[in-house]
Peer 1: 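This is the structure I want to talk about, given as C-alpha cells.
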Amino acid sequence: MEPTKDQKIWQVVLLIPAGKVASYGQVADMAGLGRQARYIGRALGKLPPGHSVPWYRVLRSNGQIAFPEGSPTFLKQKELLEQEGVEVISGKVQMRQFRWQP
DNA sequence: AGCGTGACTAGAA
DNA sequence: TTTCTAGCCACGC
C-alpha cells in the first residue's frame, strides 16, 4: 500500500536526531511537499495514539514553538525539548546551536 | 463545487 | 530587536 502524506511527514519527523530541532518548512521540504509547511502541523494533529513521533522537535522557522504560551501542548513540548537538552527561553529555542542540517 | 481555515514563511516597518 | 502584512497550498465542511 502507498504511504500517505501524513505517514511521510511522520517518517521525516522520526529522522530528526535527539537534541536537535527542525522547522515546519524544513520537514515539508524533506517530505517532498515543498511549501506545504502548514500541512505539517495538520498532519501532526492527526497523529494516532501510541505514536512514537517526536513532534515536539518541530518548531517554527524562527525557532519559536508554534503554540501560544500557557497552552498545555506548549508546556509539554517545552518540557520534552528541555529533556532532550534543548534550551527554551520565552517560548523560543536557541536555534543558533540546535538548527538541524545547516 | 466553492469557501474558510491553519502546529507556516519571508519580507518590510 | 520585535511586530505587522501579504502570500502560500492542501484539507474539511
Side-chain angles (χ1 to χ4, degrees):
Chain A
M1 58 182 284
E2 305 282 328
T4 64
K5 296 172 188 171
D6 300 332
Q7 289 289 342
K8 215 163 189 178
I9 292 167
W10 305 337
Q11 187 62 46
V12 173
V13 175
L14 285 166
L15 297 175
I16 302 174
K20 295 188 179 180
V21 297
S23 64
Y24 292 94
Q26 184 74 59
V27 175
D29 183 58
M30 279 187 286
L33 300 177
R35 302 168 184 161
Q36 296 182 215
R38 310 187 88 147
Y39 185 75
I40 306 301
R42 189 174 290 183
L44 294 177
K46 295 176 181 176
L47 279 169
H51 62 66
S52 57
V53 182
W55 57 269
Y56 52 88
R57 291 179 190 159
V58 185
L59 314 173
R60 290 198 170 185
S61 61
N62 64 342
Q64 185 174 28
I65 295 174
F67 293 102
E69 189 173 343
S71 186
T73 317
F74 170 90
L75 296 172
K76 183 68 176 177
Q77 182 169 10
K78 179 177 180 296
E79 185 178 1
L80 289 167
L81 288 171
E82 290 181 344
Q83 185 175 319
E84 294 290 328
V86 180
E87 187 176 7
V88 181
I89 301 171
S90 299
K92 293 188 276 188
V93 179
Q94 301 288 58
M95 58 183 288
R96 290 187 181 181
Q97 298 179 342
F98 294 102
R99 190 172 61 183
W100 183 42
Q101 286 192 357

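As a basis for the values below, the full set of heavy atoms in this structure was taken, side chains included, without hydrogen atoms, waters or symmetry mates. Note on naming: letters A, B, ... go to the chains in the order of the sequence lines (proteins, then strands), and numbering restarts at 1 for each one.
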Peer 1: I'd like to check A:I9 versus A:V53 (side-chain heavy atoms, cut-off strictly below 4.5 Å). Are they in contact?
Peer 2: no

Peer 1: A:K92 NZ to C:dT3 P: how many Å, rounded?
Peer 2: 8 Å

Peer 1: With nearest nucleotide decided by heavy atoms, which residue, A:R42 or A:R38, maps closer to the 5′ end of DNA chain C?
Peer 2: A:R38

Peer 1: Would you mind reading off the distance between A:L59 atom CG and B:dT9 atom P, rounded to a whole angstrom?
Peer 2: 10 Å

Peer 1: Other residues, nucleotides and ligands only: do more than 12 of their heavy atoms fall within 6.0 Å of NZ on A:K76?
Peer 2: no

Peer 1: A:K5 side chain N/O closer than 4.0 Å to the phosphate oxygens (OP1, OP2) of C:dC11?
Peer 2: yes

Peer 1: If you compare every side-chain N and O of A:K46 against the phosphate oxygens of B:dA7 (OP1, OP2), does one of them come in below 4.0 Å?
Peer 2: no

Peer 1: Heavy atoms only, 4.0 Å cut-off, all strands: where does A:S23 land among base, sugar-phosphate and nothing?
Peer 2: sugar-phosphate

Peer 1: In whole Å, I'd like the distance from the CZ atom of A:R60 to the P atom of C:dT3.
Peer 2: 13 Å

Peer 1: Is a donor on one side and an acceptor on the other found under 3.5 Å between the side chain of A:W55 and the backbone of A:Q77?
Peer 2: no

Peer 1: Looking at side-chain heavy atoms only, is the closest gap between A:R57 and A:V86 below 4.5 Å?
Peer 2: no

Peer 1: Between B:dC8 and A:R35, counting only base atoms on the nucleotide and side-chain atoms on the residue, is there a donor-acceptor pair under 3.5 Å?
Peer 2: no

Peer 1: Can you tell me how far P of B:dC8 sits from CD of A:Q64, to the nearest Å?
Peer 2: 10 Å

Peer 1: Under 3.5 Å, is there an N or O donor on one side and an acceptor on the other linking the side chain of A:Y24 and the base of B:dA7?
Peer 2: yes

Peer 1: What is the separation between atom CG on A:D29 and atom P on C:dC9, rounded to the nearest whole Å?
Peer 2: 14 Å

Peer 1: NA contact type, A:Y39, heavy-atom cut-off 4.0 Å: base, sugar-phosphate, or nothing?
Peer 2: sugar-phosphate

Peer 1: Please state whether the phosphate of B:dA10, meaning OP1 or OP2, lies under 4.0 angstrom from any side-chain nitrogen or oxygen of A:S61.
Peer 2: yes

Peer 1: Any side-chain heavy-atom pair from A:Y56 and A:V21 closer than 4.5 angstrom?
Peer 2: no

Peer 1: In whole angstroms, how far is the P atom of B:dG11 from the CG atom of A:N62?
Peer 2: 14 Å

Peer 1: In this structure, how many angstroms lie between the C1' atom of B:dA7 and the CD1 atom of A:I9, rounded?
Peer 2: 12 Å

Peer 1: Distance check needed: B:dA7 C1' versus A:L47 CG, whole Å only.
Peer 2: 11 Å

